[in-house]
Amino acid sequence: SLNYVVFPPTEKERHLRANDRELNLSYKYADNAIKTSKYNIFTFLPLNLFEQFQRLANAYFLFLLCLQSIPEVSSLPWYTTVVPLVLVLSMTMAKDSSDDMNRHRCDKQVNNRKVEILIGGELQSEKWMDVQVGDIIKLENNQFVTVRMEVIKVSAEGDKVKGETNLKVKQALTVTGKLEDSIEKLANFNGEVRCEPPNNRLDKFTGTLTLNGETYSLDNERILLRGCTLRNTQWCFGLVVFGGPDTKLMQNCGRTTFKRTSIDRLMNVLVLNIFGFLMIMCLILAIGNGIWEYQEGSKFAAFLPKGVNAPFSAFLTFWSYVIILNTVVPISLYISVEIIRLGNSFYINWDRKMYYPKSDTPAEARTTTLNEELGQIKYIFSDKTGTLTQNIMTFNKCSINGKSYGELLDFSGQRVEINEKTEKVDFSWNNLADPKFCFHDNSLVEEVREGNPEVQAFFRLLALCHTVMPEEKKEGELYYQAQSPDEGALVTAARNFGFVFRSRTPERITVVEMGELVTYELLAVLDFNNVRKRMSVIVRSPEGKLTLYCKGADTIIFERLNPSCSNLTEVTTEHLNEFAGEGLRTLALAYKDIDPEYMEDWKLRHHEANTAMDEREEKLDALYEEIEKGLQLLGSTAVEDKLQDGVPQTIEQLSKADIKIWVLTGDKQETAENIGYSCNMLRDEMNEVFIVSANTAEEVRKELQTARRKMTPDGTEEPTVKKSRSGLFCLLKTETVADEPVNGEYAMVINGHSLAFALEKDMEMELLRTACMCQTVICCRVTPLQKAQVVELVKKYKQAVTLAVGDGANDVSMIKAAHIGVGISGQEGMQAVLSSDYSFAQFRYLQRLLLVHGRWSYLRMCKFLRYFFYKNFTFTFVHFWYGFFCGFSAQTVYDEWFITLYNLVYTALPVLSLSLLDQDVNDWWSFQYPQLYTPGQLNQYFSKRAFVYTVLHSGYSSLVLFFIPWAAMYDTVRDDGKEIVDYQSFALLAQTCLLIAVSIQLGLDTHYWTAVNQFFLWGSLSVYFAVIFTMYSNGMFLTLISSFPFIGTARNSLNQPNVWLTMLLTSILCVLPVVAYRFLRILLWPTINDKVRGRGSTHLSLVRQDKVLPPAPRRVQARRTSTRRSGYAFSHAQGYGDLVTSGKFLRRTPKSRPALFSQTDSPLAQTQPQSYRTISEWEEPPLSP
Amino acid sequence: MAPSYNAKEEDGHQPGATGHGGAGTMTNKKPDNTAFKQQRLPAWQPILTAGTVLPAFFVIGLIFIPIGFILIVYGLTLLIDYTGVDMSSPCYNCSQSYSWNNTQSCTCSVHFSLDQPFESNVFMYYGLSNFYQNHRRYVKSRDDSQLNGDKTSLQYHICTLNRCSKECEPYRSSDKPIAPCGAIANSLFNDTLELYYIDPNGSRTAIPLVKKGIAWWTDKHVKFRNPSGNNNLTVVFQGTSKPVNWRKPVFELDPLDSDNNGFINEDFIVWMRTAALPTFRKLYCIIQKKPNNMTPTLPRGEYILEVTYNYPVRSFDGRKRMILSTISWMGGKNPFLGIAYITVGSVCFCLGLVLLSIHYRYGKRNNSAEISS
């Protein structure tokens, strides 16, 4: 397994030589074979057993087994322990072996993949596992989906590699690039590489390449990481630097923390307490035995087989009672818990309502041990892009020359809701149009086709001013590679409206304008950056007219407009506000005609600046600033960052369930805010939305404090911290910050820069307090590490259960940090899913996962634990009471077979069916009343308190179950005068009473009686009677005399009316107080569950027919009249400007490459106007065990 | 109430659902639409409402009280403690001997009178108290195979080779294997009880005591068997020794009746069925109803209980009793069950009334209450 990979500690630097296997092998670097499996055929049994006995419970039972082999101590025959132990061990073994078989299969598949390696001067097809460090291998476009090792690019034809989230440009060193694809040259390549030892930093690499005495530096630009996909590149040759477990990906994945649920931890604490309790019980009984032996036993000695002295007898009795009373912590508890979790995980996998047909993705519970925690979530940390949003940008609206397009109005001028059925604009007149693009306002097309100059200029700008790369594999089949999806959306819009961006060279842009091929000369690209917030191009039209086209953030553009546009600006601003109010991402567009002479001069200066050695950036900025002035406004665009379906509803439901949702996104503040508004997390009616974005620690602190004081003017300055200890042996110190009351609704937006300060040790408390008072918290521009830190912070001080949901590689840290990680199996590769505990395709399934599955799982687990402890305590306490009547001699009160089978056979299935099938209210009501979720957050169903109640309850039951039969049978006889108070009959009576009583209790706890429950309950009781009649039969006795001494007991006892009357009496007495108490509780202090249940029963018909109910309306976008200006639609990365002009990218591709989407009819492709992002497929085996 | 987003479009029954109709899609991972997998199994969801709980309480109350009265009425019992603790007790002298192996048997007579005649069959028990027949070391000190007639456990050389059960230790063997072995057998109750009716004219009439039919049928016929092979038990048990505390070997338990001798002696079987509690009674014999006579089995009057006092119980503060009892259809008289039924029935009924009043007072308020959000 990965966890056991140990690196040679001596490796300080890696040294290797290309094409020199001998030398490289001498360093003994890890090869490329992957081994995630744990066992092989021979090691399986010993290793697995060794592992299993490391578990406390199993070890404990082994210890019991040892105790039982001592005849003086043994109070139970060996099989009472061996049978359950063997059962448990073999079940676990079966599971482990099937898991390991899967891993073996995956390993084999990966290791046997083919790759072309350069060996002995020619390319040979070899298996992945045979790749050695220092080999030169050939990768091809899309063909090798995963790069299995890190490669220093030696030579490459194209330059782009698709990483996990976005395309990254990787270029070979010039010196190695010259090798091209000549096998001969490559085979003679003998460069030596020195580089850093294996580590897990994905974004850094340092090393040097020495070739012919010259040393070249190698950085991250030159390295291909395992796990990425080669895109837009016909082939590339690479030198293997790290193999297998040394690769950065494996180094990152190796550390998988084992997650446990709070119930798990509570259970451990309880089990420990139970052990203590067990010891106390045994001690009491042992002392009792000592006294008895001293007072009575010595006198009674004539009748008893050899006695020992009282203290020693007490000592032996102590251990005997440890054996007998061990049922308080039965081994079957753990196995049952596992089964229940597994079952509830299967329900998640099976749920059709969490299945996404468009991508054929069912929900998947990747971890089967965390289910009940899904019902206790208090905080959700969500990524934005790809999680809340689809990461699909659609050109939605625009405003051109003061006229707004994109709305549909009916005859009376009312807005028409646009949905899937709304008729789309017909673009068939344009044979280059993207068929997936849809637009609903016909007037815009009419304007374009009529030749409206402003509208045409608008789209011309969109077709020219960008850094998109076109690709045309077949005539007329255009694909755009855009650096940001917004840009792609805009260029695609222009394409459909008749201004098709066809191709580009560093000097030229070819556009098909309304069917006419026009080539523009590209004079300059004034690229985008974060400060400028705009980009421009300067082009010369075929007529020789020089024009600057500019698009950018409205505020920036408006500052640079020609004063003559002021009227237009006003109207456009209005439109912009409208667009922004709908949560659209807007851009303003402007142009300017340029005087050719001025241009000559400017170009000269531009060239100077470009080649300047110092202050190049500043000089260029000044030049750009100079020319982007006096612009003419054309209009504005509005791009929709499409939310996933049902996101606002889900968020509303979850917040009704008192779950706090924090958005942690790498996006810009404006974008994040926008999404916050469009999914109803931020609302205009909120009292205030605090924005924390400061540059120094002090300012951040001040802003946080101000916000807090505003929310609670009379709150305390110091946080109320409750310190407590928890965990096993109370070793864990925990600090819990109490929730503080807030009047009104507030929200906080904090950016990554401020967050960095706020997460410092001295300020984290301030951040936590302020953030937790807010309804909504949005953190933007955060790094993956910060995401995890925020999660850790809340985990640390709130002692609440957290859930992180995300879809990208940058969410992995957060997913791993949170109690529960949910991966959205979206378009962004699979890394998030692979490290997640649950995965599904749509954010909205989260509400079903939590409100239905989580709630049920929690409820079931708690019911199970309460009932399980009840039944076992009751079982055990009866022994305790009997101790007082048998001279504390550790005599069992039940038949030994009953003790063996009680947990495994008689009560196993009914309680399993309870804990797999029970629902207090069905899913429909769970959605209707999200507040049903809150008991889980407050740990109400199973806590130490509930446990104490359970213990008291079983104490009462055991008193009834022992003393009623005792009193009823005392000095009584059968109806034919024969004996009935003999040990065997009494044991039979006691165990039957117990079984009936716990079965009835189970019935009381069951809220949802299915046929399965009935079958198991009645079945188990019948099995019990069948078993006792069989075991107590003549045949069994005569076969194995010493094992079945209870012959005839069932026949002789169960035909007695007073035996049955005693059973009836004990059952009624056990149940009566419970029924009365529950009835009173429902009557006087009904919980929300009781109310909903009461209601559900009266509307039972309604509940089953949820299909009759009107379907939930689709998202209705609340129109806001906010003056808030929307965000600027570029993503925050630097543009492709350099690449566009450098020409490197633009070599023609001779071969046609396969489509980005092999399934052209895939729903993804249908909803996407154009794909700018490629799907990286992850074909690695699951890396974490 | 905002409508929940029910993800309807994903939920089944839409054959034309987009996405997986394409020819390129080979596998459809859509989960099966079965009631079990979708957790929609039809179910009965009972709720504790006033309509179900209150009638249940009343019904239980009304059923339990009459049962209680039936249980309490029946049964007649007479109990005589003949341990001889008091100086005045006729068995005082006998009880002073603590030893098992008195060769001389001590007898004593206890006078008692019946105020009521005992009709039909009367059962005579001996009762012991403070006797821990349920002690773990005691309970397991037996060898069921031996008692079932397994010859190997009777043979010396096999038992010394540790082939047979160790549970009997230290009553396994002395110089020869002990039959029957173990502490239970060793401590067999060996008092003899005889009952005489004293006529008003002063003459004693012995009352016939039937010593057979006192053990469970299964015990007598299945669990306990004499070693087979020879009808002469003396031969069968040759080479075994009697338990230490016994005065006669096992094949002389009832020399007159071969069907009641050896391991299948019913007194022995009854004793071997160890009691669950330290105070217990065991059936000693049955006084059968006279078949044709109209007189009661035991008429009112004076009786003498003749005890051959062998069994020492004073050492551990034990008590010995002789109990005469008649049996109803319910078994022997035990007042507890009857009282318990009456008590539980009344409590149930009262509880029902209390709950009913609470329900009337508060129930309406809650029923109309809306579910607050």
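Residue numbering restarts at 1 for every chain, and letters A, B, ... go by the order of the sequence lines.
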Where on [X] is there a heavy atom nearer than 4.5 Å to chain A: the side chain, the backbone, both, or neither?
X	value
B:Leu54	side chain
B:Thr49	backbone
B:Ser141	side chain
B:Ile214	backbone
B:Tyr132	both
B:Ile67	side chain
B:Arg225	side chain
B:Asp150	neither
B:Phe131	both
B:Ala215	backbone
B:Val270	both

Testing the 3.5 Å rule here: is there a donor-acceptor pair between the side chains of B:Arg136 and A:Ser320? yes
Heavy-atom pair with the smallest gap, counting every atom of [X] and [Y]:
X	Y	value
A:Tyr347	B:Lys37	CD2-O, 4.0 Å
B:Asp219	A:Ile1047	OD1-O, 4.5 Å
B:Cys348	A:Leu1072	SG-CD2, 3.4 Å
A:Gln891	B:Val139	NE2-CG1, 3.8 Å
B:Gln39	A:Gln919	O-NE2, 3.0 Å
A:Tyr1008	B:Arg40	OH-C, 4.1 Å

Got [X] and [Y] here, is their nearest side-chain heavy-atom distance under 4.5 Å?
X	Y	result
A:Leu1065	B:Leu337	yes
A:Thr1010	B:Trp44	no
B:Thr274	A:Tyr983	yes
A:Trp350	B:Asp32	no
A:Asp976	B:Phe123	no

Shorter than 4.5 Å, heavy atoms on both sides: which option in [options] has the most such pairs with chain B?
options	answer
A:Glu72, A:Arg1051, A:Gln984	A:Gln984
A:Ser1042, A:Ala1011, A:Ser75, A:Ser985	A:Ser75
A:Phe885, A:Phe986, A:Phe346	A:Phe885

What distance separates [X] [atom1] from [Y] [atom2], expressed to the nearest 0.5 Å?
X	Y	atom1	atom2	value
A:Lys978	B:Trp216	NZ	CH2	10.0 Å
B:Leu277	A:Trp966	CG	CH2	7.5 Å
A:Ser889	B:Lys140	OG	NZ	10.0 Å
A:Tyr970	B:Arg281	OH	CZ	8.5 Å
A:Asn1052	B:Thr218	CG	OG1	4.0 Å

Among the listed options B:Val313, B:Leu48, B:Asp144, B:Val222, the residue most often paired with chain A at heavy-atom distances under 4.5 Å: B:Val222
I'd like to know which of B:Ala183, B:Gly338, B:Gly127 tops the heavy-atom pair count under 4.5 Å against chain A. B:Ala183
Backbone of A:Thr361 reached by a side-chain donor or acceptor of B:Lys30 within 3.5 Å: no
For residues B:His135 and A:Trp292, establish whether the separation of their ring centroids is below 6.0 Å. yes
Specify whether B:His359 and A:Phe1079 have parallel, tilted or perpendicular ring planes, treating 30° as the upper limit for parallel and 60° as the lower limit for perpendicular. tilted
Quick one: side-chain contact (heavy atoms from CB on, under 4.5 Å) partners of A:Ala1076, sequence neighbours excluded? B:Phe57, B:Leu351, B:Leu355
Who are the side-chain hydrogen bond (donor to acceptor under 3.5 Å, both in side chains) partners of A:Ser1043, not counting sequence neighbours? none
